[in-house]
2 protein chains.
Amino acid sequence: MQNCKTCIIRSKAVNTLNPKELNILMGSCAETTFSPRESIMKEGILSSHIAYLKSGLAMVSKKGSKGIDQVLKIVEPGNYVGLQTVLFEKVNQFSVMALEKSVVCFMDNQSFKELIKRNTEFANELLSFVCREELNYFERFVNTHQQNINGRMADLILHFSEKIYQSNNIEIPLTRGDMAALICSTRESVARSIRDFTQEGIIKVIGKQFNILKPEKLTEISKE
Amino acid sequence: MQNCKTCIIRSKAVNTLNPKELNILMGSCAETTFSPRESIMKEGILSSHIAYLKSGLAMVSKKGSKGIDQVLKIVEPGNYVGLQTVLFEKVNQFSVMALEKSVVCFMDNQSFKELIKRNTEFANELLSFVCREELNYFERFVNTHQQNINGRMADLILHFSEKIYQSNNIEIPLTRGDMAALICSTRESVARSIRDFTQEGIIKVIGKQFNILKPEKLTEISKE
DNA sequence: GTAAATATGTGATGTATATCACATATCAAC
DNA sequence: GTTGATATGTGATATACATCACATATTTAC
């Protein structure tokens with residue numbers, strides 16, 4: 001059973017809560033485990049809970065005007081999902097899918113709002129969280145259009161290698177199609193980009209297993 | 001001289017402040033007028049103030065990995081600029097330029113943070129503001145890649161016509177280059193797109209003056 | 001284990017749009 | 001007004017990528 005008081009990976013925001021407030025949180029909190037590829041949240045469905053990724057890895061995506069899903073973000077443990085929606089939208093503005101076996105805490109909308117009103121530190125931490133996230137999107141938005149496919153693909157691999165797994169030998173839990181949706185391309189172009197990198201001896205790939213042999217080359221290519 | 005107590009266009013956030021808090025705000029608030037094309041905020045400069053657009057129109061842009069400026073947003077009166085940066089970044093993450101004669105209130109970082117800590121309603125309104133803004137970016141990010149130039153250009157014209165000026169006969173205070181930076185394209189492609197629309201009798205354009213003859217056609221094209 | 005579904009790789013081809021080059025128009029400064 | 005700077009329009013050309021088509025591999029379901 002979940003216990004927010006002893007939760008190891010609780011957010012900076014939750015750290016600001018006093019015992020009484022923690023009880024409010026715990027009373028409206030439910031923990032669920034998801035298998036890889038399982039849906040955590042679905043775009044268009046009435047939003048009733050905020051999700052907090054306790055462990056695992058997840059992917060946030062959104063449908064565009066042509067109905068094609070685009071990946072907005074890969075979410076790592078210790079992050080909220082759906083904050084943007086919950087505070088004043090009625091339906092979820094995006095979908096969330098588990099990429100690895102993941103544990104998610106669902107918190108009731110109303111109780112969460114109650115905590116924001118009660119505790120300024122809490123609100124402040126959330127504000128800081130959302131702002132930081134937004135700056136990342138700015139960065140991504142601006143760069144995506146100034147990089148070619150190889151550059152974006154290099155960034156993707158580096159992100160998983162350096163930021164998420166901190167290893168040069170990793171398994172990227174995405175299909176080629178997911179990767180395409182993440183870097184705004186197509187599965188064919190992703191495959192070709194991977195082939196290019198492989199032929200130049202920059203990476204070695206077997207299925208989803210990526211071995212990065214020359215990370216410095218990727219950093220270079222990411223500037224293209 | 002500015003007076004936050006009698007300010008007509010003050011933000012929902014400021015509306016939550018009590019007289020004492022309003023005094024804090026007024027004490028750290030300075031109003032400045034900008035001419036069209038004048039720089040309001042510059043990327044990379046130490047951030048010391050939050051800006052609030054009281055009147056006029058402004059444009060937020062950011063440099064990408066190749067050093068090219070991309071327009072993130074057109075800012076209308078009644079909106080904050082730089083919130084994201086101010087709360088925990090040391091330097092401005094983007095530039096802001098006036099598009100029309102604009103009046104901007106600059107608020108001292110520290111006093112602003114102080115208000116967030118003192119007043120939960122205030123923090124809550126800001127959180128709501130940032131979240132709403134972020135959802136807009138999601139929308140834009142996802143759509144930009146699923147529309148062609150004409151679709152994006154149609155959206156640009158409709159945005160100025162319907163959202164900003166509420167008229168079919170408008171002056172868009174952007175150069176063709178600005179428009180390109182806004183819709184992730186080039187000035188040449190923008191010119192060609194405008195020519196296409198003109199030839200089809202959808203719009204009539206003289207310089208920056210746009211007369212929208214068939215808005216419904218633009219709506220249709222925006223889905224491309 | 002077998003069959004069906006899903007994912008992946010790769011060549012051939014098409015196309016949207018960037019880039020280049022230059023003419024013309026508009027704006028700003030003196 | 002004149003001059004230089006900046007902005008705009010437009011054809012020709014190049015090119016990065018998407019799209020299509022199909023072969024093969026891998027996963028999932030029964």
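The shown structure was predicted, so the numbers you read here are calculated from the model rather than taken from an experiment.
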Exercise for the section: Determine, for A/Glu139 against B/Lys62, whether the closest basic-nitrogen to carboxylate-oxygen distance falls under 4.0 angstrom. Expected result: yes
Completion exercise
Ordered by number, residues from residues 184-196 of chain A within less than 4.0 Å of DNA chain C (heavy atoms) are A/Arg187, A/Glu188, A/Ala191, A/Arg192, A/Arg195
Completion exercise
Note: A/Leu174 and A/Met179 closest approach over all heavy atoms is O-CE, 3.8 Å
Practice task
Identify the two heavy atoms, one from B/Arg37 and one from B/Pro173, that lie closest to each other, and give their separation to 0.1 Å.
Solution key: NH2-O, 4.1 Å
Fill in the blank from the handout: Exactly one candidate in A/Gln70, A/Lys66, A/Lys63 meets side-chain hydrogen bond (donor to acceptor under 3.5 Å, both in side chains) with B/Gln146; the answer is A/Gln70
Problem - N/O donor-acceptor pair under 3.5 Å between A/Arg152 side chain and A/Ile183 backbone - result: yes
Completion exercise
Rounded to whole Å, CD1 of A/Ile68 lies from C1' of D/dT19 at a distance of 12 Å
Practice task
May I ask you to test the A/Val75-A/Tyr52 pair for a side-chain heavy-atom distance under 4.5 Å?
Solution key: no
Exercise for the section: Using distance alone, with no hydrogens and no angle criterion, decide if A/Glu133 and A/Gln84 have a side-chain donor and acceptor under 3.5 Å apart. Expected result: yes
Practice task
Taking the six-membered ring for Trp and the single ring otherwise, decide whether the centroids of B/Tyr80 and B/Phe112 are under 6.0 Å apart.
Solution key: yes
Practice task
Please find out if less than 6.0 Å separates the ring center of A/Tyr137 from that of B/Phe141.
Solution key: no
Could you pull out all donor-acceptor pairs under 3.5 Å where a side-chain atom in residues 209-217 of chain B meets a protein atom, sequence neighbours excluded?
residue	atom	partner	partner atom	Å
B/Gln209	NE2	B/Ile170	O	3.4

Problem - Residues that B/Thr6 engages under side-chain hydrogen bond (donor to acceptor under 3.5 Å, both in side chains), provided they are two or more places apart - result: none
Problem - chain A contact limits on DNA chain C, taken 5' to 3' with a cut-off of 4.0 angstrom to heavy atoms - result: C/dT8 to C/dA12
Fill in the blank from the handout: Rounded to the nearest 0.5 angstrom, the NZ-OG1 distance for A/Lys101 and A/Thr33 is 5.5 Å
Problem - Angle between terminal axes - the helix from C/dG1-D/dC30 to C/dC30-D/dG1, 5 pairs each end, rounded to 10° - result: 60°
Problem - Residues touching DNA chain D, which here means a heavy atom under 4.0 Å, drawn from residues 146-155 of chain B - result: none
